[in-house]
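Hydrogens, waters and symmetry mates play no part in the numbers below; they use all other heavy atoms, side chains included. When a ligand or atom number is given, it counts from 1 through the structure's own listing order.
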Amino acid sequence: MSDLQAVRGMHDILPEELPRWRRLEEVFRTISARFGYEEIRTPLVEYAHLYVRSVGPDTDIVHKEMYLFTDRGGEQIALRPEFTAGVVRALLQHGLLHRRSLWRLWYYGPAFRYERPQKGRYRQFHQYGAECFGSPYPESDVEIIQLAVAILKELGITTYELQLNTLGTPVERRRYQQELVAFFREVRSQLSAESQQRLERNPLRILDSKHPADQPFIERAPQIWDSLGRESREHFQYVYTSLRAVGIPVQVNPRLVRGLDYYTHTVFEFISPQLGAQNAFGGGGRYDGLVESFGGPPVPAVGFAFGVERLLLLLPEQPGQPVAQLYVASAGAPEAAYQVAMHLRAAGYRAVCDLQRRSLKAQLREADRLGIPVAVIVGEAEWQRGNVLLRLLSNGVQWECPFQDLLPHVRQALVH
Ligand code: HAM
């Protein structure tokens, strides 16, 4: 540990990486707006208890991964491990659910989980997510998945699998959980140590285990489908069939349970084989009971979140952009060069000039290194005649033009 290193699992985003981030952020904003989703921003921290009662006390997120601290007033505070709970809190606190019966919201920002860092898994990471409040109908599940898929399409991310399952109503889920516990108790001693612990705390999560010892039992374990009533089956069928009908391929995974307790009915995950062990780059589902469990009205909801770092791993390469379009070089006339640069910026061009009092040759070399295509050279003699030089850095072609005609010349130089 060194205080000159970023905190373990947390990352700087360097200037050369930012264009890719900005591209994602732009797509999140544009596609959310196309679906009528509005942005919401909530604090980075909440009272810790908010997550205990929503994500669940026995989940890994709350049990092992939350960043917790006591503030100076003695309050237990958590860095947000996810956004959904905070968004529900905000809706209730501001009475938004009384103003409209349907809310479509999206969010983007950092979240924090104290997990063991590895490729695609960090302690500070970013999520983009969307939540739709107010519809119990499967149409809203379909819409939220269509939004996610539209974002992936816009980003050019094509190789992934969308896995779908249902957890039914809380009653059905509890019934299923009891069956699972009964099944796994029979073989308890043969399960991995972690699954033995989960058997007591969070038995559904045994289905998530990747441990080889657990696999034969997981394969034989009862499936949720058999515990579902007619309405839950119909809800699931509707989602499945509609997604297929709009050309979104889905894979039913009866063992998909998700790591958060608030889900009911539909759950889904986006999986990519390109990601290695942390192969889920997005996930979500329906959470009909959460708003009410916070003391609000019985408002059903569905949503999802993407892990932004994982999306970045999947994003096709794109050529980087130079820091500027124009390098204004000075040949013995630095003040005039600044004036020319300001003129170009006022006209909307991205222009930089030398700040290190370097020779003309060194300035042009620097411009070339930065990938800037055109230099405007402000030389003492030409400036006295009211002229500047334009130079194409790709081939060294240059010509003189009057300063007052600079803009059309720049436009022409930049199309070369
Ligand atoms: P989640 O599955 O816990 O769901 O997280 C969503 C996504 O965040 C994951 O699929 C993954 O890509 C990314 N993620 C999670 N942990 C990390 C990490 N340590 N490092 C990098 N990426 C990570 C939720 O958070 C729910 N709130 C989603 C939701 C919204 N459900 C309904 N509405």
Peer 1: With a 4.0 angstrom cut-off on heavy atoms, strictly below it, pick out the residues next to ligand 1 and order them by chain and number.
Peer 2: E82, T84, Y107, R113, E115, G120, R121, Y122, F125, Q127, E131, R258, L260, Y262, Y263, A280, F281, G282, G283, G284, G285, Y287, G303, F304, A305, G307, R310

Peer 1: Quick check: do Q223 and R255 have side-chain heavy atoms less than 4.5 Å from each other?
Peer 2: yes

Peer 1: Can you give me every donor-acceptor pair (side chain of residues 143-158, partner residue at least two apart or in another chain, under 3.5 Å) with its distance?
Peer 2:
from : atom 1 : to   : atom 2 : distance (Å)
E143 : OE1    : R104 : NH2    : 3.2
E143 : OE2    : Y37  : OH     : 2.7
E143 : OE2    : R104 : NE     : 2.7

Peer 1: Per the side-chain hydrogen bond (donor to acceptor under 3.5 Å, both in side chains) rule, what does the pair list look like for residues 205-217, sequence neighbours excluded?
Peer 2: S192-D214, S195-D214, R205-D208, S209-D214

Peer 1: Is the centre of the F184 ring less than 6.0 Å from the centre of the F217 ring?
Peer 2: no

Peer 1: Table please: side-chain donor-acceptor pairs of residues 282-305 below 3.5 Å, with sequence neighbours left out.
Peer 2:
from : atom 1 : to   : atom 2 : distance (Å)
R286 : NE     : D141 : OD1    : 3.1
R286 : NE     : D141 : OD2    : 3.3
R286 : NH1    : S135 : O      : 3.1
R286 : NH1    : D288 : OD1    : 2.7
R286 : NH2    : S135 : O      : 3.1
R286 : NH2    : Y137 : O      : 3.2
R286 : NH2    : S140 : OG     : 2.8
R286 : NH2    : D141 : OD1    : 2.6
Y287 : OH     : E131 : OE1    : 2.5
D288 : OD1    : A301 : N      : 3.3
S293 : OG     : L290 : O      : 2.8

Peer 1: What I'd like to find out is whether the side chain of H343 reaches to under 4.5 Å of the side chain of L407, using heavy atoms alone.
Peer 2: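 The answer is yes; the side chains approach within 4.5 Å.
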
